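Below is one structure, written out as structure tokens; the observations come after it.
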2 protein chains.
Amino acid sequence: MGQELPVTSYALLGLLTFGDELTGYELKQRADITLRFYWVSPAMSQVYTELRRLTDAGLVEPTAEGRGQRYRITERGRRELKDWMDGTPAGFPVLKHPVLLRLLMGHVADPATIKAMLREYVDELTTALADLDEVRESLRGADAPGEAFRHPSLVADWGLAYFESEARLARETLARLDEGPLDKDL
Amino acid sequence: MGQELPVTSYALLGLLTFGDELTGYELKQRADITLRFYWVSPAMSQVYTELRRLTDAGLVEPTAEGRGQRYRITERGRRELKDWMDGTPAGFPVLKHPVLLRLLMGHVADPATIKAMLREYVDELTTALADLDEVRESLRGADAPGEAFRHPSLVADWGLAYFESEARLARETLARLDEGPLDKDL
DNA sequence: ACAGCCATGTAACTCGTTACATGATTAC
DNA sequence: GTAATCATGTAACGAGTTACATGGCTGT
């Protein structure tokens, strides 16, 4: 019906399908520990903007008035979300990967800069892995087929494997960069 | 000095560091076969906008006038690009992954929708792999350490491994989704 | 009392997109 | 001759960001 919301709206709406009611502030926190890894962490101001939009569209509703306002998804919101998932193609992921972008033009920079960048990326991945692993552990107990956090745990496992893959690729690339300049005397 | 261009400007500038002169149209094509995999494919209109901005900043210069205009990077442009790479942190990749986003809220949709989505993703990955592999093959012959396409080929190899990893994860997730509902009778 | 977190919002701005418009050159 | 590709741009718009502003509540 009233389709055509930006994907981030659906993303936030989706975070409200886990049975609880959240304030804008709490919704932002939930986005920070979930969406951030494979979508975006919207700015605080945008969370409120989206909540306003979703409310106007009747997809969420406030459960009290004044401050400390909590929002819950409506039946209409749940239907709309399902229609969106069933009726529109997901589309291919968009990756904005500044490390690969800079590696592409590696011949312009100092070799030392490139290597430092890759090492720093490995460090950041280590942190990200720890953060996501913590989230993943918090889902244990309700992650079996049919349980509430089944899908979030599948996503978390995917994310963990992705970060591990990236760390491996970064290390391999570092090694390949080291091979290079050494055998210039053959 | 005149820092603070959007990253996409630097990306396009970087595509002009491979020794040739391009029209806006050709630059867009180059972006389509390289940047698209780990950054973005800017719209045609934006390519021209960026070329204008880069020209105004003295980082690229036209080599003739009129239509069929070709642009080449200036010495200043090359310095600016290097300063940017050496002087500013790359930052962590941003992934906009609609497949994982939808999988997260898988409990809202039909199980069949989720599985169809994953199968379609595998298909799209197969296409992307073929496209990128073609690019990678075209770099052969100048991809050794010290040669012109060394870095682009490292990036392409990384991208290929990434797509393969995604395909594997999608297939594993499909398998895990199948396990689930079956043993509801134990 | 002061810091830090909880909570909500507005305003200005940038990036990047889509839609539109125009016309030259090349291929069949 | 006509379709596709090459080539260049303008205008309107939307999504999302940063900066700013406000104020309550909690712990020390």
Side-chain angles (χ1 to χ4, degrees), chain A residues 2-13 15-16 20-33 35-36 38-57 60 62-71 84 91-92 94-96 98 101, chain B residues 2-13 15-16 20-33 35-36 38-57 60-72 84 91-92 94-96 98 101:
Chain A
Q3 238 129 300
E4 294 335 300
L5 294 173
V7 180
T8 300
S9 290
Y10 291 108
L12 292 175
L13 189 55
L15 293 185
L16 289 171
D20 45 5
E21 299 168 2
L22 303 180
T23 65
Y25 194 89
E26 289 166 341
L27 185 55
K28 162 69 173 161
Q29 291 179 320
R30 182 167 293 181
D32 282 343
I33 62 166
L35 289 189
R36 118 162 119 132
Y38 42 82
W39 192 251
V40 276
S41 244
M44 252 336 313
S45 66
Q46 202 198 347
V47 172
Y48 289 110
T49 304
E50 294 296 348
L51 277 175
R52 179 67 192 272
R53 176 179 357 215
L54 291 168
T55 304
D56 289 348
V60 305
T63 60
E65 70 288 339
R67 68 181 7 249
Q69 184 71 276
R70 286 174 185 280
Y71 293 86
W84 174 67
F92 202 74
V94 172
L95 186 56
K96 291 212 163 191
L101 175 62
Chain B
Q3 236 129 301
E4 293 335 298
L5 294 174
V7 179
T8 300
S9 290
Y10 290 108
L12 292 175
L13 190 55
L15 293 184
L16 289 170
D20 45 5
E21 298 168 4
L22 303 180
T23 66
Y25 194 89
E26 289 166 341
L27 185 55
K28 163 68 172 159
Q29 291 179 320
R30 183 167 293 181
D32 282 343
I33 62 166
L35 288 189
R36 124 164 111 121
Y38 41 82
W39 194 251
V40 276
S41 245
M44 261 320 327
S45 66
Q46 201 198 349
V47 172
Y48 289 111
T49 305
E50 294 296 348
L51 277 174
R52 180 67 192 274
R53 174 178 2 212
L54 291 169
T55 305
D56 289 348
V60 305
E61 60 189 3
T63 61
E65 72 288 339
R67 67 179 10 246
Q69 185 70 277
R70 286 175 184 280
Y71 294 86
R72 123 184 93 205
W84 174 67
F92 201 74
V94 172
L95 185 56
K96 289 211 164 194
L101 175 61

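In what follows, chains carry the letters A, B, and so on, assigned in the order in which the sequence lines appear, proteins first and then strands, with residues in each chain numbered from 1. Note: hydrogens, waters and symmetry copies are ignored here, and every other heavy atom, side chains too, is used. Note that the structure is a prediction, hence the values are computed from the model and not measured.
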Please report the distance, rounded to the nearest Å, between CZ in A:Arg70 and C1' in C:dT8.
14 Å
Could you tell me whether the side chain of B:Leu101 reaches within less than 4.5 Å of the side chain of A:Leu35, counting heavy atoms only?
yes
Can a side chain N or O of A:Tyr25 be found less than 4.0 Å away from OP1 or OP2 on C:dC6?
yes
Can you check nucleotides 21-25 of chain C for protein contacts, nitrogen or oxygen pairs under 3.5 Å, and list what you find?
unit_1	atom_1	unit_2	atom_2	d
C:dG23	N2	B:Arg67	NH1	3.2

Could you give the CG-to-P distance, from B:Leu51 to D:dT8, as a whole number of Å?
8 Å
Taking side-chain hydrogen bond (donor to acceptor under 3.5 Å, both in side chains) as the definition, give me every residue that meets it alongside B:Arg52, ordered by chain and number, with sequence neighbours left out.
none
Taking all atoms of both residues into account, what is the closest heavy-atom pair of A:Leu12 and A:Ala31, and its distance?
CD2-CB, 4.5 Å
Show me the donor-acceptor pairs, under 3.5 Å and distance only, between side chains in residues 38-47 of chain B and residues at least two apart or in other chains.
unit_1	atom_1	unit_2	atom_2	d
B:Trp39	NE1	B:Thr8	OG1	3.2
B:Ser41	OG	B:Asp32	OD1	2.4
B:Gln46	NE2	B:Glu50	OE2	3.2

In degrees, rounded to 10°, what is the bend between the two ends of the helix from C:dA1-D:dT28 to C:dC28-D:dG1, using five pairs at each?
30°
Any heavy-atom pair between the side chains of B:Val7 and B:Trp84 that's under 4.5 Å?
yes
Who are the salt bridge (Lys or Arg N to Asp or Glu O under 4.0 Å) partners of B:Arg30, not counting sequence neighbours?
B:Asp20
Sequence-aligned protein contact record of nucleotides 13-19 of chain D, with B where the base is within under 4.0 Å of a protein heavy atom and S where only the sugar-phosphate is:
--SSBB-
Holding to side-chain hydrogen bond (donor to acceptor under 3.5 Å, both in side chains), I want the full list of residues that pass it with A:Gln29, two or more places apart in sequence or in another chain.
none
Of B:Thr49 and B:Glu26, whose closest DNA chain D nucleotide lies nearer the 5' terminus?
B:Glu26
Atom CZ of A:Arg52 and atom C1' of C:dA7 are separated, to the nearest Å, by 16 Å
Establish, with yes or no, whether the OP1 or OP2 oxygen of C:dT8 is under 4.0 angstrom from a side-chain nitrogen or oxygen of A:Tyr48.
yes
